[in-house]
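Below is one structure, written out as structure tokens, with a few remarks after it.
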Amino acid sequence: MCGIIGIVGTKPVAERLIESLKRLEYRGYDSAGIAAQVNGVLERRRAPGKLRELEAVLAAHPLNATTGIGHTRWATHGAPTEANAHPHIAGRVAVVHNGIIENFAELKAELQAAGRVFESQTDTEVVAHLLDQALSTGLEPLEAFEATLKRLSGAFALCVLISGEDDVILAARNGPPLAVGYGQGEMFIGSDGLALGPFTNRVSYLEDGDHVIATHDRARIFNASGTEVVREIKTVPASAVLMEKGNYRHFMEKEIHDQPEGCQRTIAAYVDTLTGRATIAGVDFSTLERIQIVACGTSYIAGMIGRYLIEQLADLPVDVEIASEFRYRQPALRPGALAIAMSQSGETADTLAAFRHCAAAGMKTAAIVNATESTIAREADVVWPIHCGPEIGVASTKAFTAQVSVMIAIAIAAARDRNRIDAAEEQRLVRVLIEAPRLIAEAINLEGSIKDIAVEIAKARDVLFLGRGPMSALALEGALKLKEISYIHAEGYAAGELKHGPIALVDEATPIIILAPYDSWFEKSASNMSEVMARGGQVVFITDPDGAKHAPAGARVVVTAPASDPLVSALVMSAPIQLLAYHVAVVKGADVDQPRNLAKSVTVE
Ligand code: F6R
């Protein structure tokens, strides 16, 4: 989603704004812009498309200033044109915005009736006009900003410049996150710690409802009721702001390769290697009646895999639901259940809303997040972080396997707490989990052969992924990864559903990718493979050494992943499908890290 940066600085600001916007690119955007005070006058540069377009505009028309604001826009209201790109200027005010002003239509009508002329189709422009109108009544900047905020409804993060108010930035948070960075005689506002990374590691995270006025040497923060407050200044570790691709072409490629380490760090946080116990703090699973997982996209699929494992090992009922559906129906919630929000970013609007819905019903809440300063993390009763480091590629990879790692540890802990396994079995399962990163690394070594398959798959118009048990969830993930970065239409199905519809898609031109380790579902998956091949289907069979031995003859390609215990096979089988999607996208020349129309953190519903 949109990215925001604001700098009250002492050095030339344009380059710094661009540097920071580059670090926000990962969130997804389709236009960008900056504005600054040049001799007391607001000037801006904007461009549709990528940041290089904005850099070209700046090269032709430099902006010489030390204080400014910048924005990457992911279009919601109005196409990604220059006129709709932020910052929006009205009179003395320039504003950048992330989120949606829900009452913008009525505000716009009111402002137009008062003679104000709008240049864009965005919801954001009303903020610039409202604030300019308030300033024109003689209010001081902070008062005018507060009056403006009172008129807005919806979820928003804002950052504002006012002409004639040199070296002042105003900002507000109502929903999407915003952080304040503290420098030496300089202050920064940014969507996240990554955006502030080049300038400072001293950061305060604004609470919902906060607004702030930042000058060279201080930031005054006010809460929703207007009381001045102190927000803790945290030191952001260097590892949290590192954004290097190393020798990899894309962040996604690097992040796929990061997985053994990311999972290892995550697993280490949830097992005690000495005692062989799973250590999930904050919840006693023995008394739980149910678990309700809410999530979106890939995080939802990680939850589905968790459901298989927790129900099977711990005999504890688990519901997993897409957050955007959950929040708008009337689910029958009971206080005896645990709500788990699964979210890499911890900011996904639908997941947050569904999570709040559970909390309001009196359920205990837990968050499995990568961003530990995120809204979901801060609102949860218990936080179970994944420890895979920042994920920059829009397509989630290492966060997914880290989430699944936590789910496995939860399944083991719950099985123990509910007396479904004895100490020896717990130790065995923990050992299996600890071994998983090595197997993931071996699976990543299949990259050479997967690259070859990708050349063929890249020619397809449609691809079908099939699997049973946890592999049916992974089939969804395989299809999601492929479609989002290569734009090839792909469907994931539980293989048992094949005969209930998808088999009609089978022809020589549609590759069918079957995920089938040699487990209790193998025979049935192998039968599905035969059914597909009998109809001319071209099968890519992703299995393990025993599965390769027992596979029916005739698969176009067999990919042999390392043998693994069913507890961790979803972790091990993830790498082949991620690599496949990645290499297909590379063959097709797609923008792997920033696929069209997608945003990394979906902070609007
Ligand atoms: C797909 C992907 C998305 C996210 C989804 C939820 O590769 O990355 O489907 O999984 O937008 O995001 P988080 O986990 O941040 O809530």
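For ligands, and for the atoms within them, numbers begin at 1 and follow the listed sequence. Heads up: numbering here begins at 1 and tracks the sequence.
Here the heavy atom of the protein found nearest to atom 11 (O) of ligand 1 is V602 CG2, 4.2 Å. Looking only at protein heavy atoms, the nearest one to atom 6 (C) of ligand 1 is C296 O, 3.3 Å. Looking at atom 3 (C) of ligand 1, its nearest protein heavy atom turns out to be T298 N, 4.0 Å. The closest protein non-hydrogen atom to atom 12 (O) of ligand 1 is T348 OG1, 3.5 Å. Here the heavy atom of the protein found nearest to atom 7 (O) of ligand 1 is E484 OE2, 2.4 Å.
No side-chain heavy atom of R27 sits under 4.5 Å from any side-chain heavy atom of Q594. Residues L338 and I340 have side chains in contact (heavy-atom distance under 4.5 Å, counting atoms from C-beta outward).
Residue S343 approaches ligand 1 through these ligand atoms, each under 4.0 Å from one of its heavy atoms: 13 (P), 14 (O), 15 (O), 16 (O). For ligand 1, the atoms lying closer than 4.0 Å to a non-hydrogen atom of S345 are 13 (P), 15 (O), 16 (O). Near K481, the atoms of ligand 1 lying under 4.0 angstrom from a non-hydrogen atom of the residue are 1 (C), 7 (O). Close contacts of ligand 1 with S299, meaning ligand atoms under 4.0 Å from a residue heavy atom, involve 10 (O), 13 (P), 14 (O).
In this structure, V394 is part of the shell of residues with a heavy atom less than 4.0 angstrom from ligand 1.
Here A473 pairs with I301, M304, I305 under the side chain to side chain contact (heavy atoms under 4.5 Å, CB included) rule; sequence neighbours left out.
Ring pair W521/Y308 is perpendicular by interplanar angle, where above 60° counts as perpendicular and below 30° as parallel. Under the 30°/60° scheme for interplanar angles, the aromatic rings of H71 and H86 are found to lie parallel.
Residue contacts with ligand 1, taken as heavy atom pairs separated by less than 4.0 Å, do not involve E347 at all.
The backbone N or O of K398 lies less than 3.5 Å from a partner atom in the side chain of E391, making a donor-acceptor pair. Remark: the backbone N or O of L51 is paired with a side-chain donor or acceptor of Y29 at under 3.5 angstrom.
Taking the ring axis of Y487 as reference, the NZ or CZ atom of R596 stays within 45° of it and closer than 6.0 Å to the ring centre.
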